[in-house]
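Read through the structure below, which is laid out as structure tokens, and then see the notes.
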Amino acid sequence: MRIATWNVNSLTVRLPQVLAWLQDNPMEALCLQELKQADEKVPVDAFREAGYHVAFIGQKTYNGVAIISKAEPRDIQRNIPGFDDDQQRVIAVTLDSPQGDVRIICAYCPNGQAVGSDKYEYKLNWYRAFTAFVRGEMAKYPRLAVLGDYNIAPDDRDVHDPAKWEGSVLVSEPERSAFRMLLGLGLSDAFRLFEQEPKMFSWWDYRMMGFRRNAGLRIDHILLSDPLKAVCSACIIDKVPRRNEQPSDHTPVVATLDL
DNA sequence: ATGGTGGAGGGTCCA
């Protein structure tokens with residue numbers, strides 16, 4: 001099975017690109033972030049016609065996440081239980097696989113805006129709550145994948161110009177430490193299980209021709225529990241959709257699981 | 001240091 005994550009920066013705008021990409025790249029699960037649309041606007045019918053279920057939690061203007069899946073989603077969890085938050089950033093589902101249940105968590109982690117800002121503090125608090133949530137999910141579901149826009153570049157290999165970015169939001173040490181806490185639960189960054197080309201990124205700023213200069217960051221990740229790590233045979237960043245007209249500023253990350 | 005672009009929504013806010 002293949003699973004993927006893609007921050008689409010408005011599903012209203014990007015729906016045709018998502019459907020076209022799924023046509024070329026069938027997925028057992030596709031995690032979407034930044035829908036930027038209310039629940040009633042989520043294009044459930046369009047996905048159904050393409051052969052997919054949709055579990056989602058929408059939000060007007062900002063945030064909103066969805067999991068597109070071939071199998072019918074079960075045990076849908078929206079948001080982080082016990083974490084009071086009006087921003088819709090998390091959804092989790094259980095999917096059937098030949099080896100048994102696979103738990104999929106889709107997350108749009110906060111951006112943080114700038115180190116020291118209120119939004120930065122919110123980001124670090126959010127990560128504490130999210131890590132506790134994932135710890136609980138791991139205890140319940142051995143086969144767990146956590147996919148999303150983490151808004152953290154884990155180390156300098158994931159940054160086009162580490163000197164320029166040093167200490168700033170998305171790469172600061174407290175953020176990287178929060179990311180390592182997640183890994184510390186027993187999760188592995190699927191992309192780093194394999195040899196990769198240098199300067200591989202998943203996001204490029206719209207401004208200053210970021211994509212043309214490959215001035216990007218790797219901030220979209222697929223984390224796998226050990227039982228899924230053991231069956232993961234590939235993880236790639238698909239840069240093709242970033243070359244579309246009217247692209248998202250992010251591009252999909254895909255993991256292949258031999259299940 | 002500033003501002004560059006894109007999305008949403010009708011002000012600016014967010015990324």
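Below, chains carry the letters A, B, ... as their sequence lines are ordered, and counting in each starts from 1.
Listed in residue order, the members of residues 161-176 of chain A having a heavy atom less than 4.0 Å from DNA chain B come to none.
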Just list the side-chain donor-acceptor pairs under 3.5 Å for residues 87-96 of chain A, sequence neighbours left out, or say none.
residue	atom	partner	partner atom	Å
A/Gln87	OE1	A/Arg89	NE	3.2
A/Gln87	OE1	A/Arg89	NH2	2.5
A/Gln87	OE1	A/Tyr122	OH	3.4
A/Gln88	OE1	A/Asn79	ND2	3.0
A/Gln88	NE2	A/Asp86	O	3.2
A/Arg89	NE	A/Tyr122	OH	3.0
A/Arg89	NH1	A/Tyr108	O	2.9
A/Arg89	NH2	A/Asn63	OD1	3.4
A/Thr94	OG1	A/Arg103	NH1	2.8
A/Asp96	OD1	A/Arg74	NH2	2.7

Please tabulate, one pair per line, all N/O donor-acceptor pairs under 3.5 Å involving side-chain atoms of residues 183-191 of chain A, not counting sequence neighbours.
residue	atom	partner	partner atom	Å
A/Asp189	OD1	A/Phe191	N	3.2
A/Asp189	OD1	A/Arg218	NH1	3.4
A/Asp189	OD2	A/Arg218	NH1	3.3
A/Asp189	OD2	A/Arg218	NH2	2.8

For residues 162-170 of chain A, which side-chain N or O atoms pair as donor and acceptor with protein atoms under 3.5 Å away, sequence neighbours left out?
residue	atom	partner	partner atom	Å
A/Trp165	NE1	A/His160	NE2	3.0
A/Ser168	OG	A/Trp165	O	2.7

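Through side-chain heavy atoms spaced under 4.5 Å, either directly or across other Ile, Leu, Val, Met, Phe, Trp or Tyr residues, A/Phe201 is tied to A/Trp204, A/Phe211.
Nucleotides B/dC14 and B/dG9, compared at atom C1', are 13 Å apart to the nearest Å. B/dA1 and B/dG11: their C1' atoms are spaced 26 Å apart (whole Å). Taking atom P in both B/dT2 and B/dG6, one finds a spacing of 23 Å when rounded to whole Å.
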In the 5'-to-3' direction, what one-character label does each nucleotide of nucleotides 6-15 of chain B receive under the scheme B = base within less than 4.0 Å of a protein heavy atom, S = sugar-phosphate only, - = no such atom? SSSS---BSB

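With sequence neighbours excluded, the residues satisfying ring-ring contact (aromatic ring centres under 6.0 Å, His included) with A/Tyr150 are A/Phe179, A/His221. In this structure A/Ala178 satisfies the side-chain contact (heavy atoms from CB on, under 4.5 Å) test together with A/Tyr127, sequence neighbours excluded.
Here ring pair (Phe, Tyr, Trp, His ring centres under 6.0 Å) pairs that include residues 16-47 of chain A, with residues two or more places apart or in two chains, are A/Trp6-A/Trp21.
Among A/Asn151, A/Val253, A/Thr251, the single residue meeting the side chain to side chain contact (heavy atoms under 4.5 Å, CB included) criterion with A/Asp220 is A/Val253.
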